[in-house]
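A short write-up of the structure that comes next.
It should be emphasised that the depicted structure is a prediction, and the values quoted were computed from it without experimental measurement. The sequence lines fix the lettering, A, B, ..., with proteins before strands; numbering per chain opens at 1. Side chains included, hydrogens not; waters and symmetry mates left out as well; all remaining heavy atoms used.
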Amino acid sequence: MGSIQEVCTMITRLPSLALAALILSGCVTSTIDEMVFNEPTNGIGDASVVILGRRHAPDYETEPGFISCVGDHIMARDKSIQVMDELNFINALYPWFEPRTAPLRPEDIHKLVQQEAVADKLAELKTEYMIWIDGSTVRGDSAGSMTCGIGPGGAGCFGFGTWSNDSNYEAIIWDFTDKAEVGRVNTSATGQSYMPALVVPIPIIAPVQGTACDGIGDQLLEFLSSEY
Amino acid sequence: MEGLLSGSTISVNRLLVAALCIAALLLSACGTKEVVVNGNFPEPLMDKLPLRLGVWYGDDFRNHEFFDEAKSRSESEWLVKTGDAQVAMWDTLLPGMFREVMEMRAAPAVGELNPVVDAVLIPHVDELQYAIPAHTSVKVYEIWMRYRYELVTSHGDPIAEWSMTAYGKTPTAFLQSDEEAVNLAAVIALRDAGANFATNFTRVPAVQDWLQEKWARSRRSVP
């Protein structure tokens, strides 16, 4: 199952703001793929969900800001879903969810809950689903040049710069009760940002990471919420 | 007239102070960046080992700091003091791992008036390496440490000695200063040190042997 979205506009209430937003935001292309099974048809009730970033790779780490963005996206659209704060969860279960010790496969949860203290804490937190997000946003090619100067009459810049950003994230959903993987959502987004400068530099930033956050958040919401 | 004179004196003084402040601000950019590592460390969530453990922090550990080894301490671009944070982390970690933890009054040795314990842990930081964006083209701050642990009796007789590594990194984030980024990397490295120690302590072969012997002895002594 897959869908392609092209986001080039921002919807706002006032036409002037919409025009300004259109001018000041670059284009983003995003792709979302999902594969889920055993969806909770009646929602997750009073159980909670935790979204965690993978940080064991040597060359990148999933940004904590992206994790909180996805959590906020889900909670803002379905108030009945309780998404636990990532840092609070990791601190409450220290040292079992550090980059060195975090479970890499659902089967590893069996070993983890053999410790009575860990099992009790997980039961207390009512964690039903654990969602691991792995990926990052990187800056791609850039081009152009800009010169800025200052003099007695004032200051200003002249030139043009452009760069691309690429986001790639994968969310893996673990069912804590069955200790099994129940879904995967992939999202990739790419966008070109521009910075023309004629006296004043005007940044036209492509919301690449925000688009990836919305994409993955919507798919997770479809899985977790009974309203979507 | 007097009023005018005193007014001009005040304004000259103010100008002098302002000039000195600006000069100090400009010169501070060229000096050593000093970071006193500060962070909150969580208690470990684990079944406690039934041991009464003593801990001894040597002066080198308690006052641990690092700077650019290619330069002297005063010429180094960075001076990072981790001693207080090291002690804070271990003081939080160990009581969560062992039934009872006591700080020794002196280094374990015969004749020292120390509390009676099953064993004394003495941590050392043997090696530390760090990377800042000035060293690499990547905008990431990294800290790597190699710890050496000594487990000795309260008389100082060796039980076990082993090494463990710890690693922490933080990307340069928008609106985050270099000092904040180095502090964060150090805190993450300390958390990693704690996680490594907590999850692997009973897997160290010499510690395993000592624990088995100790528990076998206590089983024999129970009638």
Side-chain angles (χ1 to χ4, degrees), chain A residues 53-69 85-104 108-109 111-125 127 135-139 142 163 165 193 203 205 207-210, chain B residues 39-50 88-90 92-99 131 133 136-145 147 164-176 180-181 184-185 187-203:
Chain A
R54 282 280 184 211
R55 307 210 167 84
H56 61 273
D59 53 339
Y60 72 92
E61 59 180 48
T62 311
E63 303 91 344
F66 184 80
I67 303 300
S68 53
C69 172
D85 177 72
E86 186 189 23
L87 187 62
N88 287 346
F89 181 86
I90 292 172
N91 281 346
L93 284 144
Y94 180 80
W96 306 109
F97 285 85
E98 297 297 297
R100 175 189 292 278
T101 54
L104 295 172
D108 295 340
I109 301 170
K111 269 190 274 175
L112 201 58
V113 295
Q114 277 170 6
Q115 296 230 29
E116 204 180 324
V118 177
D120 289 350
K121 178 58 80 174
L122 287 169
E124 182 193 322
L125 296 172
T127 317
S136 64
T137 298
V138 292
R139 190 163 162 165
S142 59
W163 67 93
N165 285 97
S193 299
I205 308 292
V208 178
Q209 199 179 48
Chain B
N40 291 319
F41 302 99
E43 269 183 47
L45 182 74
M46 56 204 316
D47 303 331
K48 289 184 185 185
L49 287 169
M89 193 282 285
W90 289 99
T92 311
L93 183 86
L94 297 174
M97 279 182 71
F98 300 95
R99 192 187 59 202
T136 60
S137 57
V138 191
K139 283 204 162 190
V140 170
Y141 292 79
E142 292 173 288
I143 288 177
W144 178 90
M145 287 185 275
Y147 283 86
M164 280 181 180
T165 56
Y167 174 73
K169 71 172 174 184
T170 179
T172 309
F174 185 58
L175 291 180
Q176 183 172 260
E180 282 170 333
L184 194 56
V187 169
I188 293 170
L190 283 168
R191 282 181 71 119
D192 187 48
N196 199 358
F197 183 87
T199 53
N200 290 309
F201 175 72
T202 54
R203 292 180 194 164

Between B:Thr92 and chain A, with a heavy-atom cut-off of 4.5 Å, which part of the residue counts as in contact: side chain, backbone, both or neither?
neither

Is chain A contacted by the side chain of B:Asn196, its backbone, both, or neither, given a heavy-atom distance below 4.5 Å?
both

Note: vs chain B, highest number of non-hydrogen pairs under 4.5 angstrom among A:Ala117, A:Pro95, A:Ala92, A:Gly65 is A:Ala117

Considering only heavy atoms, which portion of A:Gln115 lies under 4.5 Å from any heavy atom of chain B: side chain, backbone, both, or neither?
both

Just by modelled atom types, is the B:Leu45 backbone N or O under 3.5 Å from a matching donor or acceptor in the A:Trp96 side chain?
yes

State the CG-CZ distance between A:Asn91 and B:Arg191, to the nearest 0.5 angstrom.
4.5 Å

Is the closest side-chain donor-acceptor distance between A:Arg100 and B:Asn200 under 3.5 Å?
no

Any donor and acceptor pair, going by atom type alone, linking the side chain of A:Tyr94 with main-chain N or O of B:Leu93 inside 3.5 Å?
no

Could you list the residues that satisfy ring pair (Phe, Tyr, Trp, His ring centres under 6.0 Å) with B:Phe98, not counting sequence neighbours?
B:Phe201

